[in-house]
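See below for the structure under consideration.
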Amino acid sequence: MERAQQRAAAGAEAPVPPEPAETALELLVHGVGGTTPERMLDDPRTVRITGDDTAAVFRRAADADAEDRPAGQRAEPVPEAYVWCNLTSGNGTRALWLLLLPFMVVNLAHWMRPTAHARPRTVRLYGLLVRLAGLTLTVLLVAAACEVALDLAAWQCAGTRACAVRHSWLGFLSPASGGWWSAPGRRLALAALVPAALTALLWYLSHRTWSAYESQQPMSQQPMSRDPEPGESGAGGPLGRPGFWYGRRLVARLRAAHTAAGLLTVAAAVATPAAAFDRRPGGPAALDVLGWSLHAALVALAAVVVAVVCRRGRSEHRLDRRLDRHLVRRLPLGALLLLLLTAVYAGWPRPPWQSAGRLAGDTAFGGIALAQGLLVVLLAVTAHTLYRTAPDPRAALRGQGGPAVATLACALGGVMSGGVAQRVADWMDGTGGSIPGPPVLLTWQASVIPPLLLLLLVLGGRLAGRAWRLARAERATVRGDYPDEPEDPERTRRIARTRAMATLTDDAPVVVGVTSLATLLLGAVALAGALTGHRTPAGAAQGAHPLVQGAADTAQALGSWLVGLGFVLLVTWGRRAYKDASARRTIGILWDVGTFWPRAAHPFAPPCYAERAVPDLTWRMATWTRATGGRLVLSGHSQGSVLAAAAAWQLTPAVRRRVALLTYGSPLTRLYGRWFPAHFGPAALGALHRDVDCWRNLHRLTDPIGGPVALPGDSGPAVDRAPLKDPLAYGRTARHPLPAPILGHSDYQADPAFAEERARLLARLHPDLPAPRPGRQAQGSAGRSSA
């Protein structure tokens, strides 16, 4: 009692070092790209406290037993580093994730819905439309594999004597060989192994990551007293719901449905040509009936797949540990059985049957493109309806971020599938003219890429001009920030240019909006051109004005080349990433941003690392504070600040009272608040500020990623510190004899403001003392730092 009174009396002047039982801890969470524990802790000797080779908590070797020593001997908290980079850039199999890029992008669209009030059915409709768009991407990828294996290889090349002679590995499939596999139906059945194997690979990757990520159970919390309606926030915001980071059941259901959809796509590609032959006059009646029966079974099972995708979304209000085992097992097995029956049906002897022309690729790809366009339009209407219920001026594209990103996901899937088909066709055709080639629609879609790139080039020029003008205007501000330094024009220009370039991040909505709108319109033109004339753009332009014909020829040739180049670059990058850890880490940076969110729309998307990282952080904070009774600063940089915020939302109020939040270089508002307003909008971040009580945010004007949280009202200054000076010195000084670098997004801990804010947060958390006034706290912190 006497000691507490002494501390209370001294608290008016400066913070009092904590007692031995009040150990202070700083839990550091790194950002995108990853790092090493040695770099985070600034010590070559580190030890792992808890965790495994994938994600773990480290300390300096000298601090391993810090809780057993008097805390009063330390001027700073004990630092711990949570290293999670291997969740996104681990072994060489991560290179396969490049194939899943369209799935990752469409999954992001699910989380980009606007904030909504009292529109639960509209929120459900939004999620349903995104899930259906994700299903079309699975069908598109498998259809592209069918186009390559069944149409180009087995049907066209193997059925053409010149092409089969050029590619001797197809010789046993050629009708000239007279072999058992030379019948068209048997060639198709054998080639179906390729898309079926691709579907099996996607299932395997999803199941493997599902066991490693979605099966990580978060801390148990009391379930909500009632199930919240879609769009309604739980305590502390949507990310504070007990089951938010546990989507095991939904991913298992979607995985079964998408696997079945892929197998059914292969079955349809095998059965349709055989059934078309059997329906001709004079065809075998028994096979005709069997063909109709198989198609009816395909349609029925496809309806079941769509119903499973539409039936339910995520269960976030509680930990849903149940699994729909019968559905998860029987639906893919049923589709596989139907595929086997279809292969037997197609392989049945039909002596007069000969392969000629193309398979029904234009109809299939046209139907997929039309369905995707309609889904995107409906999604845009739904998003606008939600946005009108709670308009948020910060939301990107006035709530249309989700539909725009879904459009880009569909376009990316089309480019990847078209690129594969174009390159395989060029490789098989050789000098040209021996085989019909890929569907006309794929050629049209490739031909719209050059005008799209031209539009983006014009937009990039406008943005570059705006950045140049802003850099010129910023020079006066830079000189005002360093009033006592001698003039250095080159130094001023460099700082002003860095600040101006950092603002380009805020133009991302314009780029995404223009690109998605142009993609949607050009895609509609391509679909109409392919389905009306059934000719390539160059063929459709024959007889037109020479300028039009020349533009069509150029767009078609250049588009085919660009699509092929994109595919080659993707394969090369994936191969390099498989062998090179540094390249794999670069790919990991993309996943750091794109795979933060759970797999809610597509089960084949790369896994959500936060479903492992957030429970890790939550468990560590809860167990440490419970065991020691100490104070903890959760310190997150860049993407680590997003993980830190998500973990803070998951804490119980008792633990949260002993935890302070320090973020720096944080994209919480600048990126996440704008693109994911329902989960990181002003209301959600304001709730986080009220929940954690102690939160400070650091940012720089030269940082292209981080920015202020910018909460409305008095909460803004309470969270955000004024922009940090960068560089710390304009010219050479006694303290900085060498030119101080422009730090931008890095090395926030090197700024003296970092230690000041950390000490201020620890003082706010002190159990016996109110927080001292910021002015005196800063002086005390500076004094301790100089000591």
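Just so you know, these numbers use all the heavy atoms, side chains as well, and skip hydrogens, waters and symmetry mates. Values in this document were obtained by computation on a predicted structure and should not be read as measured data.
The side-chain heavy atoms of Leu264 and Leu301, taken from C-beta on, include a pair separated by under 4.5 Å. Contact check for Arg253 versus Leu331: no side-chain heavy atoms found under the 4.5 Å cut-off. Between Leu671 and Phe680 there is no side-chain heavy-atom pair separated by less than 4.5 Å. Considering only heavy atoms from C-beta on, Thr122 stays 4.5 Å or farther from Tyr126 through its side chain. For the pair Val270 and Tyr345, the minimum side-chain heavy-atom distance is 4.5 Å or more.
Taking the charged nitrogens against the carboxylate oxygens, Asp324 and Arg311 have no contact shorter than 4.0 Å, which rules out a salt bridge.
None of Thr519, Ile449, Val420 except one satisfies the side-chain contact (heavy atoms from CB on, under 4.5 Å) rule with Val415; the exception is Ile449.
Across Ala261 and Val139, no two heavy atoms sit closer than the pair CB-CG2, 4.4 Å. Taking every heavy atom of both residues into account, Gln639 and Pro667 meet most closely at N-CD, 4.4 Å. Taking all atoms of both residues into account, the shortest heavy-atom contact from Leu137 to Pro102 is CD1-O, 3.7 Å. Ala678 and Pro114 make their closest contact through CB-O, 3.9 Å (heavy atoms, listed as atom of the first residue, atom of the second, distance). Pairing each heavy atom of Leu140 with each of Gly414, the nearest pair is CD2-N, 3.7 Å. Ala526 and Gln445 make their closest contact through CB-N, 4.1 Å (heavy atoms, listed as atom of the first residue, atom of the second, distance).
By the side chain to side chain donor-acceptor pair (under 3.5 Å) test, Gln400 pairs with no residue at all, sequence neighbours left out. Listed by chain and residue number, Trp597, Tyr672 satisfy the ring pair (Phe, Tyr, Trp, His ring centres under 6.0 Å) test with Phe676 (two or more places apart in sequence, or in another chain).
To the nearest 0.5 Å, atoms CZ (Arg255) and CG (Leu202) are separated by 12.0 Å. Considering CG of Leu333 and CG of Leu338, their distance stands at 12.5 Å, rounded to 0.5 Å. Between Leu374 atom CG and Leu379 atom CG the span is 12.5 Å, to the nearest 0.5 Å. Interatomic distance, Arg131 CZ to Leu135 CG, rounded to the nearest 0.5 Å: 11.0 Å. We find the OG1-CH2 distance between Thr259 and Trp203 to be 8.0 Å, quoted to the nearest 0.5 Å. Within the model, atoms CG of Leu668 and CG of Leu685 stand 6.0 Å from one another, a figure rounded to the nearest 0.5 Å.
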Note to self: Working note: Val194 + Val266, criterion side-chain contact (heavy atoms from CB on, under 4.5 Å); need CA distance, chi angles, decisive distance, verdict.
What the structure shows: CA-CA 9 Å; Val194 175; Val266 182; over 6 Å; no
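The backbone N or O of Ala133 lies less than 3.5 Å from no partner atom in the side chain of Gln372, so there is not a single donor-acceptor pair. Remark: the backbone N or O of Gly134 is paired with a side-chain donor or acceptor of His602 at under 3.5 angstrom. Remark: side-chain polar atoms of Asn107 are paired, donor with acceptor, to backbone N or O of Ala600 under 3.5 angstrom. No side-chain donor-acceptor contact under 3.5 Å links Glu611 to the backbone of Pro598.
When only modelled atom types and interatomic distance are considered, Arg612 and Thr54 share no side-chain donor-acceptor pair under 3.5 Å.
The aromatic rings of His207 and Trp210 sit tilted, their planes meeting at an angle between 30° and 60°. Taking the six-membered ring for Trp and thresholds of 30 and 60 degrees, Trp84 and His30 have nearly parallel ring planes, at less than 30 degrees apart. In this pair, Phe244 and Trp111 present their aromatic rings tilted. The plane angle is within the 30 to 60° band.
For an aromatic pair to be called close, the ring centres must be under 6.0 Å apart, and Trp245 with Tyr609 fails this.
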